[in-house]
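Remarks on the structure that follows.
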Amino acid sequence: MASDDVLLFDVSFADLGCGPREQGLFDAWCAANPAPDGRRRVLGRVIKLDRGYPLVCCHLGNLRCEHAVDFIKRNDSLACVGDWVVLALPQGHDMGIICWVLDRKESFCRKDPAERTRVQVLAANIDTIFVVHALGGEALNQRRLERELVVAHESGATPVVLLTKTDLSPDLAADVAAAQETAPGLRVLTVCSKRGEGVEDVRACIPAGSTAVLLGASGVGKSSLVNALVGAERMRTAAVRAGDDRGRHTTVARQLLPIPGGGVIIDTPGIRAVALWENEDGMAAAFPEIEEAAAGCRFRDCSHTSEPGCAVRAAVEAGTIPKRRLESYLILQQEMADTAARQEIRARLDRKAADKGGKAGGSIKYHYNRGRKR
Ligand SMILES: Nc1nc2c(ncn2[C@@H]2O[C@H](COP(=O)(O)OP(=O)(O)O)[C@@H](O)[C@H]2O)c(=O)[nH]1
Ligand SMILES: [Mg+2]
Ligand SMILES: [Zn+2]
């Protein structure tokens, strides 16, 4: 962990994209919450989140921070990478204190129905989400891409599909066409970090002042791309650690790095399963052609499976919507319905337990210091 921090030693606050929005939120919060001891507050951004304390960059440097007790009491989620935070720097204390997390712009969240906390924020204040898939080997996994795009759209940031390892693709045009069919209306970029091809197109999507995050399975080449963008070996990639006991997840932390002359990029470990739950907005955005056709269905709550006068099925039969798109849509809808039903049962059981005098409600979840996830 300590050695990873070395990779961040030269990140400076000036490169993190602080703008009038952040400065304004900070000033307003400080004015409304004068420090009891009159000590100065500092604006910072969380640049790394691992198993330890959040690492925050401010104009004084990078330091490990803990959350103020008062903040924890008043909030049900903690700071995450990309967050802008108000810091207090108590004298004689080797850690900073996160007094407050400033209002987030878009953020990428995981809704985990298995956990009490409704939402886990994975990256905050992001403008662009790159949904990354590697080429070569098997065909592009369209089902996985569709599911990822639902969550990416849900964040409110702009999703971009990014196909990596183009050097391994036997038919690049076919891969791009498959991705484009799966991501109507979105940009599909291709990149080969190995040969340095396409890196400039990615860079152009992350102008100064903006923040992008990489979302994708382990091994698809996210860290290699970050290295290509920042022009140095800043992130460890799989090859470096091949054979060691940490397995394929070489990137264990979520961390944010400035791109010279551009914005900032957040690298993440591979995110395995993202459960779909209450993602109606994301669904509508990820399947725009189905949403559009559905306006013509006879029934407003048409499920597009068996109702008469279904304009979506008509469009599939006419060939304007690919059959597999409707199939995917229905699979994801069913999954959301199942999750909602399970949640409903759980809520009912919780209420029953509470009525019997059991303890209701969850306590605050600590996402840090939780031990390594397997
Ligand atoms: N052939 C090829 N291999 C790549 C490319 N980019 C990354 N790799 C390799 O893919 C493996 C996983 O890369 P890494 O960046 O660690 O993936 P991550 O887990 O998504 O961060 C490493 O062995 C890289 O060398 C590429 O453009 N072409
Ligand atoms: Mg990585
Ligand atoms: Zn219908």
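Note that CG of Leu215 is 12.0 Å distant from CD1 of Ile266, once rounded to the nearest 0.5 Å. The structure places CG of Leu172 at 10.0 Å from SG of Cys192, a figure rounded to the nearest 0.5 Å. Taking CG of Leu256 as the reference point, atom SG of Cys57 lies at 9.0 Å (rounded to 0.5 Å). Glu106 contributes atom CD, which lies 11.0 Å from atom OG1 of Thr211 (distance to the nearest 0.5 angstrom).
Of the residues listed (Arg342, Arg147, Arg143), the one engaging Glu335 in a salt bridge (charged side-chain N to carboxylate O under 4.0 Å, His left out) is Arg147, and it is the only one.
Under the 4.5 Å side-chain contact rule for hydrophobic residues, Leu55 and Leu60 share a cluster.
The closest donor-acceptor contact from the side chain of Gln180 to the backbone of Leu186 lies under 3.5 Å. Looking at Asn125, its side chain does come within 3.5 Å of a backbone N or O of Lys105 through a donor-acceptor pair. In terms of modelled atom types and a separation under 3.5 Å, the side chain of Ser169 and the main chain of Thr166 share no donor-acceptor contact. Checking side-chain atoms of Asp83 against main-chain N and O of Cys80 turns up a donor-acceptor pair under 3.5 Å. With hydrogens and angles disregarded, a donor-acceptor distance shorter than 3.5 Å links the side chain of Thr320 to the backbone of Ala315.
Applying the salt bridge (Lys or Arg N to Asp or Glu O under 4.0 Å) test to Arg39 and every residue at least two apart in sequence or in another chain returns Asp37. Residues satisfying the side chain to side chain contact (heavy atoms under 4.5 Å, CB included) test with Ala88, not counting sequence neighbours, are Arg41, Ile97, Cys99.
Two residues are said to be in side-chain contact when any heavy atoms from C-beta on lie closer than 4.5 Å; Met283 and Met336 meet this criterion.
Scanning both residues, Gly198 and Val191, for their nearest heavy atoms gives C-CG2, 3.8 Å. Heavy-atom minimum distance, Arg325 versus Thr182: NH1-O, 3.1 Å. Ile206 approaches Val264 most closely through the heavy-atom pair CG2-O, 3.6 Å.
In this model, a donor atom of one side chain and an acceptor atom of the other lie less than 3.5 Å apart for Glu148 and His133.
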